[in-house]
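See structure below.
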Amino acid sequence: MADKDNFFERVYAVVRQIPEGRVTTYGAIAKVIGAAKSARMVGYAMNASHFDDTVPAHRVVNRVGLLSGKHHFDGTNLMQQLLESEGIVIKDNKVQDFQELLWIPPVCVE
DNA sequence: GGTATGACATATA
DNA sequence: TTATATGCCATAC
C-alpha cells in the first residue's frame, strides 16, 4: 500500500514509531527503510513531512545528535523545545546522552 | 531528460 | 583531531 509515496511513506512510518523521549538518526532510518545510502533523502522526506503532523521529525537528528533540522522548523528553537518537552536534554542544539536516547527502529518488514 | 540541491554519512588528508 | 572531499539517491526546476 502507498506504493506511490514509497520513500516518504517509509520514512514517515519509521519516524512515527519513534517512542516518546527517544531520538534516532537519519542514517538509521535510511537503513531501516532500505536506503542506507540515502540518509539525505530521509531529511528531504522530513522536509515534506511538514504537511504531516503525525511525523515527529523533531525526534530525528543527525548521527552526532545534532539538531541539524531545527532551522527548518517554525520557530528557531521549536525542535529543541519539543525534545525537551519529552524529557530529552538539549545542549547547544545537541542531544545529551544521545547514544542512550538513540532508538533504532525495527526493520520494515512488508 | 539533464542539472542542481539537500534536515547525511563515510573516507581521506 | 579537525577540515575537506566525495558518494549517494530522490526531488525539484
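Since this is a predicted model, take the numbers as computed values, not measurements. Labels below follow one simple rule: chain letters A, B, ... track the order of the sequence lines, proteins then strands, and each chain is numbered from 1.
Following rounding to the nearest Å, A:R59 (CZ) and B:dA7 (P) show an atom-to-atom distance of 22 Å. To the nearest angstrom, C1' of B:dA7 lies 15 Å from CD1 of A:I90. If you take CD1 of A:I18 and C1' of B:dA7, they are 13 Å apart, rounded to a whole angstrom. Note: CZ (A:R63) to C1' (B:dA11) measures 11 Å, nearest angstrom. What separates CD1 of A:I33 from C1' of B:dC8 is a distance of 12 Å, to the nearest Å. When rounded to the nearest whole Å, the span between CZ of A:F7 and C1' of B:dA7 equals 13 Å. Remark: P of B:dA7 and CG of A:N77 are 19 Å apart, rounded to the nearest angstrom. Following rounding to the nearest Å, A:N47 (CG) and B:dT5 (P) show an atom-to-atom distance of 16 Å.
In this structure, of C:dC8, B:dT10, B:dA7, it is C:dC8 that holds the atom nearest to the side chain of A:K37. Among C:dT11, C:dC9, B:dA9, the nucleotide with an atom closest to any side-chain atom of A:Y44 is C:dT11. Residue A:N62 places its side chain closer to B:dA9 than to any other of B:dA9, C:dT11, C:dC9. Comparing atom distances between the A:H50 side chain and each of B:dA9, B:dA7, C:dA12 picks out B:dA7 as nearest. Ranking B:dA7, C:dT11, B:dA9 by closeness to the A:F73 side chain, first place goes to B:dA7.
Between the side chain of A:R40 and the base of C:dC9, no donor-acceptor pair of N or O atoms lies under 3.5 Å. Side-chain atoms of A:Y26 come within donor-acceptor range of the base of B:dA7, with a qualifying N/O pair under 3.5 Å.
A distance-only check finds a donor-acceptor pair linking the side chain of A:N62 to the backbone of A:L66 [under 3.5 Å].
Within the 4.0 Å cut-off from OP1 or OP2 of B:dC8, at least one side-chain nitrogen or oxygen of A:S68 is found.
Annotation: A:D92, atom CG; neighbour count of heavy atoms from other residues, nucleotides and ligands within 6.0 Å is above 12.
The shortest distance between side-chain heavy atoms of A:V11 and A:S49 does not fall below 4.5 Å. Side-chain atoms of A:V55 and A:M46, non-hydrogen and from C-beta on, do get closer than 4.5 Å to each other.
Of the residues A:L83, A:L82, A:I90, A:N93, the one that meets the side chain to side chain contact (heavy atoms under 4.5 Å, CB included) test with A:K70 is A:N93.
The residue A:A45 sits apart from the nucleic acid: no heavy atom pair falls under 4.0 Å.
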